[in-house]
Chemist: 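Structure incoming, see below.
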Amino acid sequence: QVQLVESGGGLVQPGGSLRLSCAISGRNFGRSGVAWFSQAPGKEREFVSGIIWPGFSTDYADSVKGRFTISEDTAKNTVYLQMNSLKPEDTAVYYCASRSVWAISRSSVHYRYWGQGTQVTVSS
C-alpha cells in the first residue's frame, strides 16, 4: 500500500502563489510516477503535472506551463507543486496520485493510489 497526504491549499488572490506538498509513505512505494490532478466543481479530474520518482523527467498541462513547477525531495519522500501567477480558473481540489510504473501518464485511470485532496481557491 501507498499513502499520499496533500497539504498547502488555501485561499489566494489572483496573481498569488501557493506550494502544495504531497507526503508519500508505504513499503510498496519505489520507482513510480507521481502526478497532480485538479478537479473543479462539475468537471472531470484533469492532469496538471507529473514527475518520475526518482528522476528528473516532468510533464505539464499546457494551461500551467511556465506558471507551475513540480519537484521532489527523495529525502523527505515528498513531491511539491509550486503554483505561481494563479488565476481564478485554477480554483479546484488538487489531488496527488502515484502509479507503480516509472513513467508519467496524463490519464487518471493509470494511477492506483490517491490522496484526499486539498482545496485551492483563487479569488479576490
Chemist: Answer yes or no: is there a side-chain heavy-atom contact under 4.5 Å between Pro14 and Pro88?
Modeler: yes
Chemist: If hydrophobic residues (ILVMFWY) are linked whenever their side-chain heavy atoms come closer than 4.5 Å, directly or via other members, who joins Val101 in its cluster?
Modeler: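 Answer for Val101: none, a lone residue.
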Chemist: To check you understand the geometry: which heavy-atom pair defines the closest contact between Leu20 and Val120, and what is its length?
Modeler: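 Scanning both residues, the minimum pair turns out to be CD2-CG2, 4.0 Å.
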Chemist: Enter the distance from Ser25:OG to Gln1:CD here, rounded to the nearest 0.5 Å.
Modeler: 10.5 Å
Chemist: For the aromatic rings, using the six-membered ring if either is Trp, is the centroid distance between Phe37 and Tyr95 under 6.0 Å?
Modeler: no
Chemist: Just so I know, are the side chains of Thr91 and Gln119 near enough to count as touching, which here means a heavy-atom distance under 4.5 Å?
Modeler: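 Yes - at least one pair of side-chain heavy atoms lies under 4.5 Å apart.
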Chemist: Which atom names give the shortest non-hydrogen contact between Leu86 and Arg67, and what distance separates them?
Modeler: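 In terms of heavy atoms, the two residues are closest at CA-NH1, 3.9 Å.
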Chemist: Short question: side chain of Thr121, backbone of Leu11 - any donor-acceptor pair under 3.5 Å?
Modeler: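 Side chain of Thr121 to backbone of Leu11, a donor-acceptor pair under 3.5 Å: no, none is there.
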Chemist: Might you work through the side-chain contact (heavy atoms from CB on, under 4.5 Å) test for Tyr80 and Ile70, ending with a clear yes or no?
Modeler: CA-CA 6 Å; Tyr80 302 99; Ile70 192 170; over 6 Å; no
Chemist: Restricting to side chain to side chain donor-acceptor pair (under 3.5 Å), what partner residues turn up for Asn84, sequence neighbours left out?
Modeler: Ser17, Gln82
Chemist: Got a sec, which hydrophobics cluster with Val109, joining ILVMFWY side chains under 4.5 Å apart, including via others?
Modeler: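 Listed partners: none, Val109 stands alone.
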Chemist: With sequence neighbours excluded, give me every salt bridge (charged side-chain N to carboxylate O under 4.0 Å, His left out) pair touching residues 19-34.
Modeler: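 Residue pairs passing salt bridge (charged side-chain N to carboxylate O under 4.0 Å, His left out), neighbours aside: none found.
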Chemist: Would you say the side-chain atoms of Trp102 pair up with the backbone N or O of Pro54, donor to acceptor, closer than 3.5 Å?
Modeler: yes
Chemist: Sequence neighbours excluded, which residues qualify as side chain to side chain donor-acceptor pair (under 3.5 Å) partners of Arg45?
Modeler: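 In terms of side chain to side chain donor-acceptor pair (under 3.5 Å), with neighbours along the sequence ignored, Arg45 is linked to Gln39.
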Chemist: Quick one: closest heavy-atom pair of Gln116 and Val5, and the distance?
Modeler: OE1-CA, 3.9 Å
Chemist: Do you reckon Val12 sits in the same ILVMFWY cluster as Trp36, going by side-chain contacts under 4.5 Å, direct or chained?
Modeler: yes
Chemist: Does some side-chain heavy atom of Tyr60 sit less than 4.5 Å from a side-chain heavy atom of Val48?
Modeler: no
Chemist: Look up atom CD1 in Ile104 and atom OG in Ser49, then write down how far apart they are to the nearest 0.5 Å.
Modeler: 7.0 Å
Chemist: Measuring from atom OG of Ser63 to atom NZ of Lys87, what distance do you get when rounded to the nearest 0.5 angstrom?
Modeler: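 Reported to 0.5 Å precision, the distance equals 8.0 Å.
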Chemist: What do you reckon, is CD of Glu44 surrounded by more than 12 foreign heavy atoms closer than 6.0 Å?
Modeler: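 No, CD of Glu44 has 12 or fewer neighbouring heavy atoms, counting only those of other groups under 6.0 Å.
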Chemist: Distance-only, no hydrogens or angles: does the Arg99 side chain make a donor-acceptor pair with backbone N or O of His110 under 3.5 Å?
Modeler: yes
Chemist: Where do Val93 and Gly117 come nearest, in terms of heavy atoms and distance?
Modeler: CG1-CA, 3.9 Å
Chemist: Counting C-beta onward and ignoring hydrogens, is there a side-chain heavy-atom pair between Tyr94 and Leu18 closer than 4.5 Å?
Modeler: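 SC-SC contact between Tyr94 and Leu18 ruled out.
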Chemist: Minimum heavy-atom separation for Leu4 and Cys96, please, with both atom names.
Modeler: CD2-SG, 3.8 Å
Chemist: To the nearest 0.5 Å, what is the distance between SG on Cys22 and CD1 on Ile51?
Modeler: 11.5 Å
Chemist: When you compare the side chain of Val79 with that of Ser71, does any pair of heavy atoms fall below 4.5 Å?
Modeler: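 No. Closest side-chain heavy atoms not under 4.5 Å.
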Chemist: Would you say CZ of Arg106 has more than 12 non-hydrogen atoms from neighbouring residues, nucleotides or ligands within 6.0 angstrom?
Modeler: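 Count over threshold, so yes.
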Chemist: Under a 4.5 Å cut-off applied to non-hydrogen side-chain atoms, are Ser85 and Phe68 in contact?
Modeler: no
Chemist: Of all heavy-atom pairs between Val122 and Asp90, which one has the smallest distance, and what is that distance?
Modeler: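 Taking every non-hydrogen atom into account, CG2-CB, 4.3 Å.
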Chemist: Please enumerate all residues that pass side chain to side chain donor-acceptor pair (under 3.5 Å) together with Lys65, with sequence neighbours excluded.
Modeler: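 Lys65 satisfies side chain to side chain donor-acceptor pair (under 3.5 Å) with Asp62 once adjacent residues are dropped.
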Chemist: Are Phe29 and Trp53 close enough that their ring centres sit under 6.0 Å apart?
Modeler: yes
Chemist: With rounding to the nearest 0.5 angstrom, report the CD1 to CD distance, Ile24 to Glu72.
Modeler: 8.5 Å
Chemist: When rounded to the nearest 0.5 angstrom, what is the spacing between OG in Ser105 and OH in Tyr111?
Modeler: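 Result: 5.0 Å between the selected atoms.
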